[in-house]
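A short worksheet on the structure shown next.
Remember, it's a predicted structure, so these values are computed and weren't measured experimentally.
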Amino acid sequence: MAHVVSTLDQPSNYKDSQSRLERAKQQELLSKSTTLYIGNLSFYTTEEQIYELFSKCASPEDGGGIKRIIMGLDRNTRTPCGFCFVEYYTQAEALASMKHVSGTKLDERIIRCDLDLGYKEGRQFGRGKSGGQVRDEHRQDYDPGRGGWGAQAQLDRRREVEERYNDMLDGPGAVASGGGEWKETEARPTLKRARSPEDEADGARLVHRARIEDPEAERM
């Protein structure tokens, strides 16, 4: 019966897909690792919530505790994208979290925990083309805790809306737009400027000059 149920405090097949280390070296690092990878988090779960949950397996009285929490971020928006790293001071604490916390609910989501080779700068960012996690790139379901539709599904839906809008503009029932400027100009009344005293004086001078140049015009 001892082998019917696998122990929960042992690492699974999870590995860093971009790690270039040989398997033997990876196994050596995992045997000493104090860092956990936490997956399937809600985008809205805070660092404080994670600390509160994972500190239940910490042993500060034995010199342990949570050393740091690194939130996973969207590469473009720098907002949480559903994963994090929790680093303890001892491996016993990390194994205890795998046994007691992995598979439980946080923010109404079943989270998973696994031993990690160790956090390095740059791993906090999503590796998907859209900036988030790869698992959210082609997801076809609607998950409100992870930004709604998957990135590709959102792009497809945006294209559908744009095509539908263009069809409405080019279809048989479309109404031509434009041509409003000349209508406004035609309908706008033309305002005449009132004659000023200077204008009257200029007119009198022109009449006087015409009389001098053509005396016959006055007799007619």
Side-chain angles (χ1 to χ4, degrees), residues 5-6 8-19 33-58 66-88 93-169:
V5 179
S6 59
L8 299 178
D9 57 350
Q10 297 297 321
S12 68
N13 294 326
Y14 159 77
K15 297 293 183 298
D16 179 9
S17 61
Q18 293 191 0
S19 175
S33 176
T34 62
T35 303
L36 292 177
Y37 172 88
I38 316 301
N40 200 38
L41 290 172
S42 166
F43 288 2
Y44 306 103
T45 297
T46 64
E47 184 175 338
E48 289 75 15
Q49 290 174 280
I50 295 169
Y51 184 90
E52 181 180 359
L53 176 62
F54 283 88
S55 62
K56 297 181 184 300
C57 294
I66 295 178
K67 186 176 182 179
R68 60 176 175 169
I69 295 174
I70 301 98
M71 299 295 292
L73 302 176
D74 185 291
R75 187 175 61 254
N76 299 325
T77 62
R78 296 299 196 268
T79 55
C81 64
F83 72 98
C84 75
F85 298 92
V86 177
E87 185 176 351
Y88 287 97
E93 295 169 304
L95 294 177
S97 286
M98 286 179 55
K99 183 176 182 179
H100 299 293
V101 178
S102 185
T104 60
K105 278 189 174 183
L106 179 60
D107 263 355
E108 300 302 317
R109 301 185 68 85
I110 297 177
I111 62 174
R112 62 181 181 87
C113 314
D114 219 323
L115 278 180
D116 188 78
L117 296 174
Y119 171 77
K120 292 182 179 180
E121 185 62 30
R123 291 190 62 201
Q124 74 270 36
F125 299 122
R127 296 171 178 173
K129 293 181 180 179
S130 64
Q133 285 192 275
V134 175
R135 59 163 293 190
D136 290 315
E137 288 291 307
H138 302 285
R139 181 169 47 78
Q140 295 298 318
D141 62 318
Y142 183 85
D143 190 339
R146 295 185 70 88
W149 301 102
Q152 187 60 46
Q154 290 185 25
L155 182 60
D156 292 341
R157 287 172 176 271
R158 190 177 303 117
R159 287 174 179 169
E160 290 178 4
V161 172
E162 290 176 354
E163 290 176 358
R164 196 176 304 134
Y165 178 73
N166 291 333
D167 290 342
M168 290 174 60
L169 293 180

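A side-chain donor-acceptor contact under 3.5 Å links Ser102 to the backbone of Cys113. Between the side chain of Tyr88 and the backbone N or O of Phe54 there is at least one donor-acceptor pair closer than 3.5 Å.
For the atom pair CG of Leu117 and CZ of Arg123, the computed distance is 6.5 Å after rounding to the nearest 0.5 Å. A distance of 10.0 Å separates OG1 of Thr34 from CG of Asp116, quoted to the nearest 0.5 Å. Rounded to the nearest 0.5 Å, atoms CG (Leu41) and CD1 (Ile110) are 13.0 Å apart. Separating the CG atom in Asn40 from the CZ atom in Arg146 is a distance of 6.0 Å, to the nearest 0.5 Å.
Scanning both residues, Met71 and Thr45, for their nearest heavy atoms gives CE-O, 3.7 Å. The minimum heavy-atom distance linking Pro144 with Tyr44 is given by the pair O-CE1, 3.5 Å. Minimum interatomic distance between Val86 and Ile38 (heavy atoms only, all atoms of both residues): CG2-CG1, 3.9 Å. Contact between Leu36 and Ser97 at its shortest, heavy atoms only, is CD1-CB, 3.4 Å. Looking at every heavy atom in both residues, Ile50 comes nearest to Cys84 through CD1-SG, 3.7 Å. The minimum heavy-atom distance between Gly148 and Tyr142, with the atom names listed, is CA-CE1, 3.5 Å.
Residue Gln49 places its CD atom among more than 12 non-hydrogen atoms of other residues, nucleotides or ligands, all under 6.0 Å distant.
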### Task
Decide side-chain contact (heavy atoms from CB on, under 4.5 Å) for Ile111 and Val101; before the verdict, give the C-alpha distance in whole Å, the side-chain angles of both, and the deciding distance to 0.1 Å.
CA-CA 8 Å; Ile111 62 174; Val101 178; 4.1 Å; yes
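Using a cutoff of 4.0 Å between basic side-chain nitrogens and carboxylate oxygens, Asp143 and Arg109 are scored as salt-bridged.
By the side chain to side chain donor-acceptor pair (under 3.5 Å) test, Glu87 is found to be paired with Arg68, residues two or more places apart in sequence or in another chain being considered. Take Ser130 and apply the side chain to side chain donor-acceptor pair (under 3.5 Å) test, not counting sequence neighbours, and it matches Glu137.
Ring geometry for Phe83 versus Tyr37: interplanar angle under 30°, hence parallel rather than tilted (30 to 60°).
Residue pairs satisfying the salt bridge (Lys or Arg N to Asp or Glu O under 4.0 Å) criterion with at least one member in residues 70-83, sequence neighbours excluded, are absent.
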